[in-house]
**Q** 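Before I ask anything, here is the structure I am working with.
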Amino acid sequence: DTEVTQTPKHLVMGMTNKKSLKCEQHMGHRAMYWYKQKAKKPPELMFVYSYEKLSINESVPSRFSPECPNSSLLNLHLHALQPEDSALYLCASSQGRTVYEQYFGPGTRLTVT
Amino acid sequence: GNSVTQMEGPVTLSEEAFLTINCTYTATGYPSLFWYVQYPGEGLQLLLKATKADDKGSNKGFEATYRKETTSFHLEKGSVQVSDSAVYFCALTLIQGAQKLVFGQGTRLTINP
């Protein structure tokens, strides 16, 4: 099973809302990633979890809060977002600290109104 | 620093044409190289990879050879299909070091019947 799943597929939220994005993988991968992708651009790395510990935060605003409850799950908690945060949010996973290929989920299309 | 440069798109071809998408890289170490494909409305899928010089990655009729002397990893396919229409991203990661994929800007490919 080489699948990374993400829920929800689409999300519309107001600037005062709190919502969460969820990502799950059952490949035994120990590194998980959040990316943000704007239209016609490559994905931009936001966070990396390695062995359930946050190892990279690419200076992401605090209105985005990641959480890794266990090695299979990754959440992204959203609060007080801005319209410019509207984007496709992609989750990915890879085997571990020695990075080879990353496997991506289908993404959550987020619209902030 | 580490970077990836792809040929600018969009690229439009007729079905059964030969495809080349150029990719060159700059890296401080010894990178692994990847091609990812993103179909409309979807996440990224790993298309092929190469982890050392002269390696050839191949999948679904696509090929790319890791050329250290020219720091290139060009994507080729002998006969494209309408279903190959997508955005293609060249990317690199260092075998040791930060867990980051460095993406090129992406090349949008459209295949006309």
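Reminder, nothing fancy here: chain letters follow the sequence lines and each chain counts from 1.
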**Q** Which atoms of A/Q6 are under 4.5 Å from chain B, going by heavy atoms: the side chain, the backbone, both sets, or neither?
**A**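 Neither; nothing under 4.5 Å.
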
**Q** Can you confirm whether A/Q102 sits close enough to B/F34 that some side-chain heavy atom of one is under 4.5 Å from a side-chain heavy atom of the other?
**A**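 A/Q102 vs B/F34: side chains apart.
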
**Q** Does any part of the side chain of B/F103, heavy atoms only, come nearer than 4.5 Å to the side chain of A/K41, both counted from C-beta?
**A**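 Side-chain contact under 4.5 Å: no.
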
**Q** Quick check on the hydrophobic clustering: are A/M15 and A/L11 connected, directly or via other members, by side-chain heavy-atom contacts under 4.5 Å?
**A**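 As far as the 4.5 Å side-chain criterion goes, A/L11 and A/M15 are connected within one cluster.
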
**Q** Answer with yes or no whether the hydrophobic clustering places A/L73 together with A/M32; edges join I, L, V, M, F, W, Y residues whose side-chain heavy atoms lie under 4.5 Å apart.
**A**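 In one cluster with A/L73: A/M32, no.
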
**Q** Determine whether B/Y36 and A/Y35 fall in the same hydrophobic cluster, where Ile, Leu, Val, Met, Phe, Trp and Tyr are linked whenever their side-chain heavy atoms lie under 4.5 Å apart.
**A**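 Shared cluster, yes.
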
**Q** Count I, L, V, M, F, W, Y as connected when their side-chain heavy atoms are under 4.5 Å apart, and connections chain through other members. Are A/V60 and A/W34 then in the same cluster?
**A**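 The answer is yes; both residues are in one hydrophobic cluster.
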
**Q** Taking side chain as everything from C-beta outward and backbone as N, CA, C, O, which of these in A/E58 sits under 4.5 Å from a heavy atom of chain B? Side chain, backbone, both or neither.
**A**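 The side chain, not the backbone.
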
**Q** Can you confirm whether B/K52 is buried at NZ, in the sense that more than 12 heavy atoms of other residues, nucleotides or ligands lie under 6.0 Å from that atom?
**A**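 Counting other residues, nucleotides and ligands, NZ of B/K52 stays at 12 neighbours or fewer.
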
**Q** Where is the tightest heavy-atom contact between A/P42 and B/Q105, given as atom of each residue plus distance?
**A**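 Where A/P42 meets B/Q105 most closely, the heavy atoms are CD-OE1, 3.6 Å.
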
**Q** More than 12 heavy atoms of other residues, nucleotides or ligands under 6.0 Å from CD of A/E67: yes or no?
**A**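 Yes.
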
**Q** Are B/Y25 and B/V102 connected in a single hydrophobic cluster, I mean Ile/Leu/Val/Met/Phe/Trp/Tyr linked by side-chain heavy atoms less than 4.5 Å apart?
**A**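 In one cluster: yes.
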
**Q** Can you tell which part of B/Q38 gets under 4.5 Å to a heavy atom of chain A, answering side chain, backbone, both or neither?
**A**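 When you check distances to chain A, only side chain atoms of B/Q38 fall under 4.5 Å.
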
**Q** Atom CD in A/E101, atom CG in B/L101: separation rounded to 0.5 Å?
**A**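 A/E101 atom CD to B/L101 atom CG measures 10.0 Å (nearest 0.5 Å).
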
**Q** If the contact rule is any heavy atom under 4.5 Å from chain A, which residues of residues 79-91 of chain B qualify, in numerical order?
**A**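 So the qualifying residues are B/F89.
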
**Q** Output side-chain donor-acceptor pairs under 3.5 Å for residues 10-17 of chain B, partner residues at least two apart or in another chain, one line each.
**A**
none

**Q** Identify the heavy atoms of B/L44 and A/F104 that sit nearest to each other, and give their distance.
**A**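 For B/L44 and A/F104, the tightest heavy-atom pair comes out as O-CB, 3.2 Å.
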
